[in-house]
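Side chains are part of it too, since the values below use all heavy atoms of this structure and drop only hydrogens, waters and symmetry mates.
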Amino acid sequence: LANLGARALARLQGLVEDHLLCERLDAGGFPLRVGQVALAPVVSAVLERLRLDPAPELVLAPDLAARADRALLERAVEGLVAVAGRGGAPVRLSAGLVGGKVQVSIRGAPVESLSDPVKGSPSDPTGRALALPLARRIAELLGGSLEAEGRVYLLVFPAT
């Protein structure tokens, strides 16, 4: 019972944190610290926190860096990996430099809507109902984009 309560609290905490960050980003109330961010440490930190089973397959170009705010980039990647890995779906994360931009492709569970959930609609029981709208906001704020189709989420940021 204690474990059940702890999991429910963690889901609620994630949902509230995502909501508050969405609100701050929409209001321009988040101080950006944009600079060169190496992608490998960001991905490592995210995977360490999420501990997905099975472990995601990684294909990262060496020395790949994006022009981004590290904290926001980490939140976007974490949300996308968590959503792609829901239900135990195997996740494949690949990243490389394409046309002068850093492209992060995350393949996993079928794509959900990138738009904000409608109040009163069924939500994601994992507490990640706002992960995709948050990742979309972060990408746009940092001069990038987020696209989703089939089983693939494509996050694009300016390269350094």
Side-chain angles (χ1 to χ4, degrees), residues 6-22 24-25 30-98 101-114 123-160:
R7 283 192 307 272
L9 182 59
R11 286 191 301 270
L12 182 59
Q13 179 181 1
L15 186 60
V16 169
E17 287 175 358
D18 286 351
H19 173 69
L20 292 175
L21 184 53
C22 281
R24 286 181 70 194
L25 292 175
F30 190 89
L32 293 179
R33 293 178 180 89
V34 177
Q36 181 175 337
V37 180
L39 201 57
V42 168
V43 170
S44 294
V46 165
L47 297 181
E48 178 67 27
R49 271 195 307 279
L50 292 178
R51 297 181 186 200
L52 295 178
D53 186 28
E57 176 188 347
L58 296 177
V59 180
L60 297 175
D63 302 325
L64 187 61
R67 186 178 181 286
D69 177 294
R70 181 185 167 112
L72 290 180
L73 179 60
E74 206 167 294
R75 286 292 292 272
V77 171
E78 180 180 346
L80 293 172
V81 170
V83 169
R86 73 185 183 284
V91 174
R92 181 179 194 272
L93 189 148
S94 60
L97 193 60
V98 178
K101 296 192 180 264
V102 173
Q103 290 191 353
V104 180
S105 173
I106 302 168
R107 175 180 288 279
V111 167
E112 295 179 346
S113 173
L114 297 177
S123 65
D124 180 356
T126 65
R128 300 313 306 240
L130 293 174
L132 298 180
L134 177 59
R136 178 182 44 83
R137 281 176 172 86
I138 290 170
E140 291 169 356
L141 182 67
L142 296 173
S145 64
L146 174 63
E147 298 174 16
E149 187 176 319
R151 294 181 171 271
V152 178
Y153 300 92
L154 184 62
L155 188 59
V156 179
F157 284 102
T160 55

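- Atom CG of Leu47 sits about 7.0 Å away from atom CG of Leu93, to the nearest 0.5 Å.
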With side-chain contact (heavy atoms from CB on, under 4.5 Å) as the criterion, how do Val156 and Val102 come out once you've worked through the C-alpha distance, each side chain's angles and the decisive distance to 0.1 Å? CA-CA 6 Å; Val156 179; Val102 173; over 6 Å; no
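- Heavy atoms from other residues, nucleotides or ligands lying under 6.0 Å from CZ of Arg33 number 12 at most.
- Of the inter-residue distances, the one linking Leu73 atom CG with Ile138 atom CD1 reads 8.5 Å to the nearest 0.5 angstrom.
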The test is side-chain contact (heavy atoms from CB on, under 4.5 Å); show your working for Glu149 and Val111 and say whether it passes. CA-CA 6 Å; Glu149 187 176 319; Val111 167; 5.6 Å; no
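- Applying the side chain to side chain contact (heavy atoms under 4.5 Å, CB included) rule to Pro158 yields the partners Arg67; only residues at least two apart in sequence or on another chain are considered.
- Between the CG atom in Leu130 and the CZ atom in Arg136 there is a gap of 10.5 Å [rounded to 0.5 Å].
- The shortest distance between side-chain heavy atoms of Phe157 and Val37 does not fall below 4.5 Å.
- Heavy-atom minimum distance, Arg24 versus Pro31: NH2-CD, 3.7 Å.
- Within the model, atoms CG of Leu72 and CG of Leu134 stand 8.0 Å from one another, a figure rounded to the nearest 0.5 Å.
- The distance from atom CZ of Arg151 to atom OG of Ser105, rounded to the nearest 0.5 Å, is 13.5 Å.
- Here CD of Glu140 is found 8.5 Å from CG of Leu146. Values are rounded to the nearest 0.5 Å.
- Atom CD of Gln36 sits in a sparse spot, with 12 or fewer heavy atoms from other residues, nucleotides or ligands closer than 6.0 Å.
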Could you go step by step and tell me if Leu155 and Ile106 meet the side-chain contact (heavy atoms from CB on, under 4.5 Å) rule? CA-CA 8 Å; Leu155 188 59; Ile106 302 168; 5.7 Å; no
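- Within the 4.5 Å cutoff, the side chain of Leu80 has heavy atoms near those of the Leu132 side chain.
- For Gln103, there are no side chain to side chain donor-acceptor pair (under 3.5 Å) partners, not counting sequence neighbours.
- Judged by distance alone, with hydrogens and angles left aside, the side-chain atoms of Arg107 form no donor-acceptor pair with the main-chain N or O of Ala84 at under 3.5 Å.
- When all heavy atoms of Leu142 and Ala68 are compared, the pair lying nearest together is CD1-CB, 3.9 Å.
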Throw together a table of side-chain donor-acceptor distances under 3.5 angstrom for residues 54-66, partners on residues two or more places apart or in other chains.
residue: Glu57; atom: OE2; partner: Arg92; partner atom: NE; Å: 3.2

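- By the 4.0 Å N-to-carboxylate-O rule, Arg51 lies close enough to Glu48 to be salt-bridged with it.
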